[in-house]
Engineer: 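Supplied in structure tokens, the structure appears directly below.
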Amino acid sequence: KAELKTVSEGKLVMSTNAEFPPYEYHDADGIVGIDVDICTAIAEKLGLELEIEDIAFDAIIPEVVSGKADIGAAGMTVTEDRKKNVDFSDTYAKATQVIILKEDSTVTGPDDLKGKVIGVQQGTTGDIYVTDDFGEDSVERYAKGMEAVQALSQSKVDAVIIDGETAKQYLKQVEGLKILDESYTDEEYAIAVQKGNTAMVEAINGALAELKAEGKLDEIVAKYIKA
Ligand code: ARG
């Protein structure tokens with residue numbers, strides 16, 4: 001088996017934004033989460049050591065494009081636009097964008113959001129789709145998702161649109177908020193790789209398939225998402 005070429009010998013450098021529980025976040029042990037465990041397991045299978053770079057979400061794709069990182073793993077949704085700049089591995093999780101509201105909000109679905117101010121994390125699909133659907137004046141962008149949720153709690157915005165599992169985690173920490181049952185979009189997460197690096201995509205897909213077959217993927221998810 002030919003050696004897999006990486007940015008730094010013996011390492012698999014992963015760019016992420018560790019403000020996104022349960023996929024990547026800081027705890028007493030450092031940066032943990034589903035993506036961290038999955039990528040640690042992938043690196044292990046490839047005989048590499050995982051190295052994590054915690055940066056702004058909208059800096060992840062540029063780092064992968066410029067070759068500073070081997071992979072971008074950040075609960076990152078596969079989109080046609082992003083595919084113009086990076087290649088993606090097979091998807092490893094299904095996700096949604098959900099609408100977070102104050103408990104007493106009368107909004108019942110996406111249609112009611114017209115004319116409202118919506119908080120998002122900068123550069124995420126939430127940001128992109130809200131801007132497309134409701135216009136620039138309706139978006140309030142925050143560096144971290146949690147900051148958008150805090151702004152909602154302080155009534156500085158009318159709603160937050162963010163990934164469903166992350167929304168659930170944030171709401172454990174902030175009172176008086178609810179998540180609408182009707183989701184805003186359905187999405188899928190994958191690992192981003194430099195365009196044209198088929199050796200890396202194939203290596204990751206092979207490792208992912210093994211982890212899936214071994215039941216390891218489900219095990220990791222179950223560790224962070226309690227049914
Ligand atoms: N799934 C969304 C996207 O791809 C949000 C991901 C945010 N991830 C993060 N680690 N902050 O745009």
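Side chains are part of it too, since the values below use all heavy atoms of this structure and drop only hydrogens, waters and symmetry mates. Just so it is clear, the structure is predicted and the values come from calculations on it, not from any experiment.
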Engineer: Side-chain heavy atoms nearer than 4.5 Å, only ILVMFWY residues, links allowed to pass through others: does that put Val174 and Val107 together?
Structural biologist: no
Engineer: Is it possible for you to say whether Tyr92 and Ile220 belong to one hydrophobic cluster, with membership spreading through side-chain heavy-atom contacts below 4.5 Å?
Structural biologist: yes
Engineer: Taking the side chain as everything from C-beta on, heavy atoms only, tell me whether Ile161 gets closer than 4.5 Å to Leu113.
Structural biologist: yes
Engineer: Can you tell me if CG on Asp27 sees more than 12 non-hydrogen neighbours from other groups inside 6.0 Å?
Structural biologist: yes
Engineer: Hydrophobic clusters here meaning ILVMFWY residues chained together by side-chain heavy-atom distances under 4.5 Å, can you tell me if Ile179 and Ile162 are in one?
Structural biologist: yes
Engineer: Within a strict 4.5 Å, meaning less than it, do heavy atoms of the Val120 and Val139 side chains meet?
Structural biologist: yes
Engineer: Around Gln154, counting heavy atoms of other residues, nucleotides and ligands shown, do more than 12 lie under 6.0 Å from its CD?
Structural biologist: yes
Engineer: Is it the case that the side chain of Asp70 and the backbone of Val13 share a donor-acceptor pair, with hydrogens and angles ignored and the cut-off at 3.5 Å?
Structural biologist: yes
Engineer: For Met76 and Ala192, which heavy atoms make the closest approach, and how far apart are they?
Structural biologist: SD-CB, 4.1 Å
Engineer: Donor-acceptor check, side chain of Lys195 to backbone of Lys83, threshold 3.5 angstrom: yes or no?
Structural biologist: yes
Engineer: For the backbone of Glu49 and the side chain of Lys11, can you confirm whether one donor and one acceptor N or O come within less than 3.5 Å of each other?
Structural biologist: no
Engineer: Where do Asp54 and His26 land on the side-chain contact (heavy atoms from CB on, under 4.5 Å) test, with the steps shown first?
Structural biologist: CA-CA 10 Å; Asp54 184 18; His26 292 266; 2.9 Å; yes
Engineer: Nearest heavy-atom pair of Val86 and Val193: which atoms, and what distance?
Structural biologist: CB-O, 3.4 Å
Engineer: Taking all non-hydrogen atoms of both residues into account, name the closest pair between Leu50 and Ile52 and its distance.
Structural biologist: CD2-CG1, 4.0 Å
Engineer: From Lys168 NZ over to Lys226 NZ, what is the distance, rounded to the nearest 0.5 angstrom?
Structural biologist: 13.0 Å
Engineer: Considering only heavy atoms from C-beta outward, does the side chain of Gln121 approach that of Asn17 to under 4.5 Å?
Structural biologist: yes
Engineer: Going through the checks in order, is the side-chain contact (heavy atoms from CB on, under 4.5 Å) test met by Glu219 and Lys223?
Structural biologist: CA-CA 6 Å; Glu219 217 173 90; Lys223 174 174 161 196; over 6 Å; no
Engineer: Test side-chain contact (heavy atoms from CB on, under 4.5 Å) on Thr106 and Asp112 and set out the steps.
Structural biologist: CA-CA 9 Å; Thr106 55; Asp112 295 338; over 6 Å; no
Engineer: In this structure, would Ile42 and Phe88 fall into the same cluster of hydrophobic residues linked by side-chain contacts under 4.5 Å?
Structural biologist: no
Engineer: According to side chain to side chain donor-acceptor pair (under 3.5 Å), who are the partners of Thr131, at least two apart in sequence or on a separate chain?
Structural biologist: Asp127, Arg141
Engineer: Looking at Glu44, Glu51, Met200, which one forms a side-chain contact (heavy atoms from CB on, under 4.5 Å) with Leu12?
Structural biologist: Met200
Engineer: Under a 3.5 Å distance rule, please check whether Thr16 uses its side chain to pair with a backbone N or O of Ala73 as donor and acceptor.
Structural biologist: yes
Engineer: Going only through I, L, V, M, F, W and Y residues with side-chain contacts under 4.5 Å, is there a path from Leu4 to Leu208?
Structural biologist: yes
Engineer: Just by distance, do the side chain of Lys216 and the backbone of Ala213 share a donor-acceptor pair under 3.5 Å?
Structural biologist: no
Engineer: To the nearest 0.5 Å, how far apart are CG in Leu48 and SG in Cys39?
Structural biologist: 12.0 Å
Engineer: Side chain to side chain donor-acceptor pair (under 3.5 Å) with Glu210: which residues, sequence neighbours excluded?
Structural biologist: Lys45
Engineer: State, yes or no, whether a side-chain contact exists between Thr166 and Pro21 at a heavy-atom distance under 4.5 Å.
Structural biologist: yes
Engineer: Got a sec, which pairs hit ring pair (Phe, Tyr, Trp, His ring centres under 6.0 Å) with one end in residues 187-225, sequence neighbours left out?
Structural biologist: Tyr23-Tyr189
Engineer: Just verifying a value: how many Å separate Ile191 CD1 and Thr91 OG1, rounded to the nearest 0.5 Å?
Structural biologist: 10.5 Å
Engineer: Give every donor-acceptor pair under 3.5 Å between a side-chain atom in residues 59-68 and any protein atom, sequence neighbours left out.
Structural biologist:
| from | atom 1 | to | atom 2 | distance (Å) |
| --- | --- | --- | --- | --- |
| Glu63 | OE1 | Ser15 | OG | 2.8 |
| Ser66 | OG | Pro62 | O | 3.2 |
| Ser66 | OG | Glu63 | O | 3.4 |

Engineer: Write down the atom of Arg82, the atom of Phe57, and the distance for their closest heavy-atom approach.
Structural biologist: NH2-CE2, 3.5 Å
Engineer: Would you tabulate the side-chain donor-acceptor contacts of residues 93-101 under 3.5 Å, counting partners in other chains and residues two or more places apart, or write 'none'?
Structural biologist:
| from | atom 1 | to | atom 2 | distance (Å) |
| --- | --- | --- | --- | --- |
| Lys94 | NZ | Glu188 | OE2 | 3.0 |
| Gln97 | NE2 | Thr125 | OG1 | 3.1 |
| Gln97 | NE2 | Asp163 | OD1 | 3.0 |
| Gln97 | NE2 | Asp163 | OD2 | 3.4 |
| Gln97 | NE2 | Glu187 | OE1 | 3.2 |

Engineer: Kindly check if the number of other-residue, nucleotide or ligand heavy atoms within 6.0 Å of NZ (Lys178) is above 12?
Structural biologist: yes
Engineer: Can you tell me how far the CE atom of Met146 sits from the CD atom of Gln169, to the nearest 0.5 Å?
Structural biologist: 10.5 Å
Engineer: Is the number of heavy atoms from other residues, nucleotides or ligands under 6.0 Å of Lys102 NZ greater than 12?
Structural biologist: yes
Engineer: If every non-hydrogen atom of Val201 is compared with every non-hydrogen atom of Ser89, which pair is closest and at what distance?
Structural biologist: CG1-CA, 4.4 Å
Engineer: Using the ring pair (Phe, Tyr, Trp, His ring centres under 6.0 Å) rule, collect all pairs that involve residues 116-171, keeping only residues at least two apart or in two chains.
Structural biologist: none
Engineer: Compare every heavy atom of Val36 with every heavy atom of Glu24, then report the nearest pair and how far apart it is.
Structural biologist: CB-CG2, 4.4 Å
